[in-house]
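Reviewing the structure listed below.
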Amino acid sequence: MMERDVMQEIKNEISANKIIVYIKGTKETPRCGFSAAVVQMLGEYGVPFKDVNILADEEKWVAIKKYSDWPTIPQIYIDGQFIGGCDIVREMHAKGELLPIVKKAMGLP
């Protein structure tokens with residue numbers, strides 16, 4: 001049996017998805033207010049994004065915090081770059097800074 005390389009799994013997920021969010025729960029049923037807020041903000045843009053339920057994978061929950069050097073969930077990555085958690089994304093959204101990053105990642109005008 002091969003040893004699981006969770007850091008490599010995370011790296012692969014981030015590179016395979018233009019927008020990926022590590023959240024508590026799923027985008028259909030977020031399990032915390034911060035995760036729900038991020039899902040709602042991204043939902044307003046009408047772009048597809050990948051969600052990873054870290055509640056279903058404790059090893060990944062621990063690893064993503066090390067990977068990003070960020071202590072909290074949710075964590076948002078756009079075009080391979082760590083954007084931040086809920087507070088940062090909420091602030092960027094309010095200032096109109098998030099949408100251009102999302103559009104660029106998705107190849108939208």
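Between Q75 and the options V52, I23, I64, a side-chain contact (heavy atoms from CB on, under 4.5 Å) holds for only I64. Checking each of V102, I20, V39 against F49 for a side-chain contact (heavy atoms from CB on, under 4.5 Å) leaves exactly one that passes, namely V39.
For the atom pair CD1 (I19) and CG (L42), the distance works out to 6.0 Å, reported to the nearest 0.5 Å. Atom CD1 of I78 is separated from atom CD1 of I83 by 4.5 Å, given to the nearest 0.5 angstrom. Residue K66 holds its NZ atom at 10.0 Å from CD1 of I10, rounded to the nearest 0.5 Å. For the atom pair NZ of K65 and CD1 of I73, the computed distance is 5.5 Å after rounding to the nearest 0.5 Å. In this structure, CD1 in I76 is found 11.5 Å from OH in Y22, a value given to the nearest 0.5 Å.
Considering all non-hydrogen atoms of both residues, V6 and A63 come closest at CG1-CB, 3.5 Å. For L55 against G25, the heavy-atom pair with the smallest separation is CD1-N, 3.6 Å.
Residue Y67 is grouped with residue W70 when hydrophobic side chains (ILVMFWY) are merged at heavy-atom distances under 4.5 angstrom, including chains of intermediate members.
Relative orientation of the F82 and Y77 rings is tilted, given thresholds of 30° and 60° on the angle between their planes.
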Is there a side chain to side chain contact (heavy atoms under 4.5 Å, CB included) between M92 and M41 once you walk through the steps? CA-CA 10 Å; M92 290 175 72; M41 280 181 271; over 6 Å; no
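Applying the salt bridge (charged side-chain N to carboxylate O under 4.0 Å, His left out) rule to pairs touching residues 17-36 yields K18-D79, sequence neighbours excluded. Within the structure, side chain to side chain donor-acceptor pair (under 3.5 Å) contacts touching residues 34-50 (residues at least two apart or in different chains) are E44-H93, Y45-H93.
Heavy-atom contacts from other residues, nucleotides or ligands closer than 6.0 Å to CD of E97 number more than 12.
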Sequence neighbours left out, cut at 3.5 Å: what donor-acceptor pairs do the side chains of residues 84-91 make with other protein atoms?
from	atom 1	to	atom 2	distance (Å)
E91	OE2	K95	NZ	3.4

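Between the side chains of N17 and E13, no donor-acceptor pair of N or O atoms lies under 3.5 Å.
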